[in-house]
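Working notes, beginning with the structure itself.
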Amino acid sequence: YRVNEVLFGVDTAAVGRTDQVTGSLQVDGTTLAAAEFTVDVASITSDESRRDGQFNGPIMSTSDFPTATFVLTAPVELGTEPAEGAEVTVDVTGDLTLRGVTNPVTFELTGKVTGGQIGVLGNIPVLFADYGIANPTRPGITTEDNGLLEFVIVFAADT
């Protein structure tokens with residue numbers, strides 16, 4: 001995640017990361033036919049343990065909602081069959097579930113085939129209220145009411 005914040009008068013960005021992501025991607029010829037991924041939300045960490053405590057506790061309630069998911073809801077025409085080294089950027093639509101709340105989202109996805117793997121990257125804007133997430137503003141810390149769910153995922157070819 002990435003959320004802009006003002007920390008005791010200093011503009012900064014709060015960033016959390018994890019490598020605990022699973023999922024699948026299915027390409028049929030020139031069509032992205034299916035895609036889904038699941039993130040272990042409790043494994044997301046930032047550079048600040050106090051922020052992580054707030055993130056896992058009142059913000060994301062990871063004990064009640066341990067995962068976040070994205071599921072593609074409409075096939076996407078890629079234009080050409082994915083080729084080694086070629087980069088493709090498309091708009092995708094799917095269902096994003098955060099903190100037990102599911103909403104439809106559309107965002108830009110960029111993919112590239114390299115060495116038999118497909119790497120995808122993108123970011124999904126998230127308005128906290130849409131997912132029942134209280135604005136994490138605290139005394140001395142002011143955050144915006146939204147953030148980005150950023151991702152880079154590498155899918156291995158199914159052999």
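Note that the coordinates shown come from a computational prediction; the quantities given were computed from them, not determined experimentally.
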Task: More than 12 heavy atoms from other groups under 6.0 Å of CZ on Arg99 - done: yes
Task: Side-chain donor/acceptor of Thr31 to backbone N/O of Ala33, under 3.5 Å - done: no
Task: Donor-acceptor under 3.5 Å (Asn103 side chain, Asp130 main chain) - done: yes
What's the separation between atom [atom1] in [X] and atom [atom2] in [Y], rounded to the nearest 0.5 Å?
X      : Y      : atom1 : atom2 : answer
Thr69  : Leu96  : OG1   : CG    : 7.0 Å
Thr38  : Gln20  : OG1   : CD    : 12.5 Å
Leu72  : Glu36  : CG    : CD    : 10.5 Å
Arg138 : Glu5   : CZ    : CD    : 11.5 Å
Lys112 : Leu121 : NZ    : CG    : 10.5 Å
Asp19  : Asp40  : CG    : CG    : 9.5 Å

Linked, directly or transitively: [X] and [Y] (ILVMFWY side chains, under 4.5 Å):
X      : Y      : value
Val71  : Ile118 : no
Val120 : Val105 : yes
Phe70  : Phe65  : no
Val101 : Val39  : yes
Leu78  : Ile153 : yes

Taking all heavy atoms of [X] and all of [Y], pick out the closest pair and write down the distance.
X      : Y     : result
Ile133 : Met60 : CD1-SD, 3.7 Å
Thr62  : Val41 : CG2-CG1, 3.6 Å
Glu77  : Gly79 : OE2-N, 3.2 Å
Ala14  : Arg51 : CB-NE, 3.3 Å
Gln26  : Asp28 : NE2-OD2, 2.9 Å
Pro58  : Gly53 : CD-O, 4.1 Å

4.5 Å side-chain heavy-atom contact, [X] and [Y]:
X      : Y      : value
Leu32  : Val88  : no
Pro104 : Thr73  : no
Leu127 : Asp145 : yes
Leu109 : Val76  : no

TODO: Give me the one residue out of Tyr131, Phe151, Phe55, Phe128 that meets ring pair (Phe, Tyr, Trp, His ring centres under 6.0 Å) with Tyr1.
DONE: Phe55
[X]-[Y] side chain donor-acceptor pair, cut-off 3.5 Å:
X      : Y      : answer
Thr106 : Thr93  : yes
Thr142 : Thr137 : no
Glu81  : Thr30  : no

Open item on the list: For Glu150, give me all partners under salt bridge (Lys or Arg N to Asp or Glu O under 4.0 Å), at least two apart in sequence or on another chain.
Closed with: Arg2
